Amino acid sequence: VVYDGVKYSVQLHYVNNFFKKDHMSALPSPITMLTSMCEAYIRAGFALVPITEGKGPKTAGWNKRENCITSVEKLNPNVGYGLAHSYSGTMALDIDDWTAATQLLSESGIDLKLLTQASDAVMIDSGNPGHAKVIYKLPFGLTLPSKKINYTASDGSKKVAFELRCAATNGLTVQDLLPSAINHPVTGRPYRWAGNGHFSKLPILPVELLTLWQNLTQQDQVRNINT
């Protein structure tokens with residue numbers, strides 16, 4: 001959508017979530033729609049990281065709590081927003097290779113397909129094949145260092161199967177881009193919400209995933225994510 005000379009990534013999927021279909025004849029401007037969506041993030045308790053381009057923030061100190069957006073007065077519809085997990089009580093199960101992640105998670109008794117098809121599953125879809133991202137609420141007060149789980153590909157190289165994303169090793173936060181004003185840099189598509197649930201009612205991280213994460217943290221078998 002182009003509004004006032006500026007291109008915005010607004011999909012009907014977003015509009016249906018925030019505006020009644022019977023009012024579509026009086027559809028608000030793209031700026032209003034993006035603002036309403038970001039305001040909903042604030043109401044959901046999300047701490048937001050402003051992102052102007054790409055998948056990550058460029059501003060120094062972006063991962064400090066005091067630099068995150070937590071009030072609607074500070075929202076800017078012209079930028080994208082990432083979810084600051086450590087300050088939002090959230091985490092992301094970030095799938096980089098569906099086949100490898102499915103196999104590795106199954107070794108811990110976790111069925112990835114069932115997780116993504118759960119009745120309350122909340123996902124972010126970038127349109128990138130073989131990738132997926134599931135968002136969960138963490139038990140109150142809990143933060144865990146982010147972990148990358150690697151596997152050895154057929155050519156002998158090390159590749160990432162999946163990540164468990166929340167905190168950085170320095171005690172600050174990592175972030176994941178939310179559906180807003182930024183497109184995915186590879187697919188060129190807007191990020192969109194997917195799954196059967198809604199971001200305002202995130203499911204609690206399943207016990208099996210929490211146990212796996214805590215075991216990995218204790219064993220320190222994979223490297224931490226630094227920011």
Side-chain angles (χ1 to χ4, degrees), residues 49 51 53-58 62-63 82-118 121-139 142-178 182-189 191 194-195 202-227:
V49 178
I51 298 173
E53 61 180 347
K55 295 176 66 176
K58 310 296 183 184
W62 67 266
N63 50 9
L83 174 58
H85 290 297
S86 290
Y87 314 138
S88 304
T90 59
M91 66 83 64
L93 170 61
D94 191 5
I95 307 300
D96 287 307
D97 186 308
W98 180 273
T99 301
T102 297
Q103 179 179 342
L104 290 171
L105 287 168
S106 69
E107 294 174 2
S108 297
I110 299 169
D111 189 320
L112 178 57
K113 186 176 181 180
L114 288 181
L115 291 181
T116 59
Q117 294 181 349
V122 177
M123 303 174 62
I124 298 175
D125 176 25
S126 66
N128 200 2
H131 292 243
K133 189 169 292 182
V134 192
I135 308 297
Y136 290 104
K137 198 78 175 173
L138 287 171
L142 179 66
T143 58
L144 288 170
S146 301
K147 296 291 182 180
K148 282 187 178 180
I149 289 73
N150 299 323
Y151 71 100
T152 303
S154 56
D155 61 1
S157 63
K158 292 289 186 180
K159 295 186 177 181
V160 179
F162 66 93
E163 300 179 42
L164 300 164
R165 298 174 55 79
C166 179
T169 55
N170 58 9
L172 300 178
T173 190
V174 304
Q175 66 81 32
D176 280 291
L177 195 56
L178 295 169
I182 299 290
N183 288 355
H184 190 277
V186 175
T187 65
R189 286 179 47 181
Y191 292 85
L202 292 176
I204 297 293
L205 180 66
V207 173
E208 296 82 2
L209 265 178
L210 176 58
T211 300
L212 170 63
W213 198 354
Q214 290 174 324
N215 288 341
L216 288 171
T217 300
Q218 292 170 358
Q219 297 167 7
D220 199 28
Q221 291 178 338
V222 291
R223 73 176 181 87
N224 296 314
I225 298 176
N226 294 301
T227 58

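If you read the sequence from its start, that first residue is 1, and numbering goes on from there. Bear in mind the structure is a predicted one, so any value in this text is a computation, not a measurement.
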- The reported gap from CG in Leu93 to CG in Leu205 (rounded to nearest 0.5 angstrom) is 8.5 Å
- Side chains of Leu115 and Val134 in contact at under 4.5 Å (non-hydrogen atoms): no
- Message: With heavy-atom distances below 4.5 Å as the criterion, would you say the side chains of His131 and Ile95 are in contact?
- Response: no
- Could you check if a side-chain atom of Ile51 sits within less than 4.5 angstrom of a side-chain atom of Trp62, using non-hydrogen atoms only? no
- Determine whether Ile149 and Leu105 make a side-chain contact, defined as any pair of heavy atoms from C-beta on separated by less than 4.5 Å. no
- Message: Give me the atom names and distance for the closest heavy-atom approach of Cys166 to Thr90.
- Response: SG-O, 3.6 Å
- Closest heavy-atom pair, Gln175 versus Pro57, reported as atoms and distance to 0.1 Å, is NE2-CD, 3.6 Å
- Message: side-chain contact (heavy atoms from CB on, under 4.5 Å) for Ile124 and Leu83? Distances and angles first, verdict last.
- Response: CA-CA 11 Å; Ile124 298 175; Leu83 174 58; over 6 Å; no
- Message: Return the CG to OG distance between Leu138 and Ser88, rounded to the nearest 0.5 Å.
- Response: 10.0 Å
- Distance-only polar pair, side chains of Thr173 and His85, donor-acceptor under 3.5 Å: no
- Would a 4.5 Å heavy-atom cut-off, applied to side chains only, mark Thr102 and Phe162 as touching? no
- Does some side-chain heavy atom of Trp213 sit less than 4.5 Å from a side-chain heavy atom of Leu209? no
- Task: Kindly indicate whether the side chain of Val122, heavy atoms from C-beta on, has any atom under 4.5 Å from the side chain of Pro203.
- Result: yes
- Query: Hey, what do you get for NZ (Lys147) to CD (Gln214), rounding to the nearest 0.5 Å?
  - Reply: 12.0 Å
- Item | Distance, nearest 0.5 Å, that separates CH2 of Trp98 from CG of Asn128 | 13.5 Å
- Closest heavy-atom pair and its distance - Thr116, Ala121: O-CB, 3.7 Å
- Task: Would you mind checking if Asp176 and Lys133 are paired as a salt bridge, meaning a charged N to carboxylate O distance below 4.0 Å?
- Result: yes
- Query: How about Val49 and Asn63: do any of their side-chain heavy atoms sit closer than 4.5 Å?
  - Reply: no
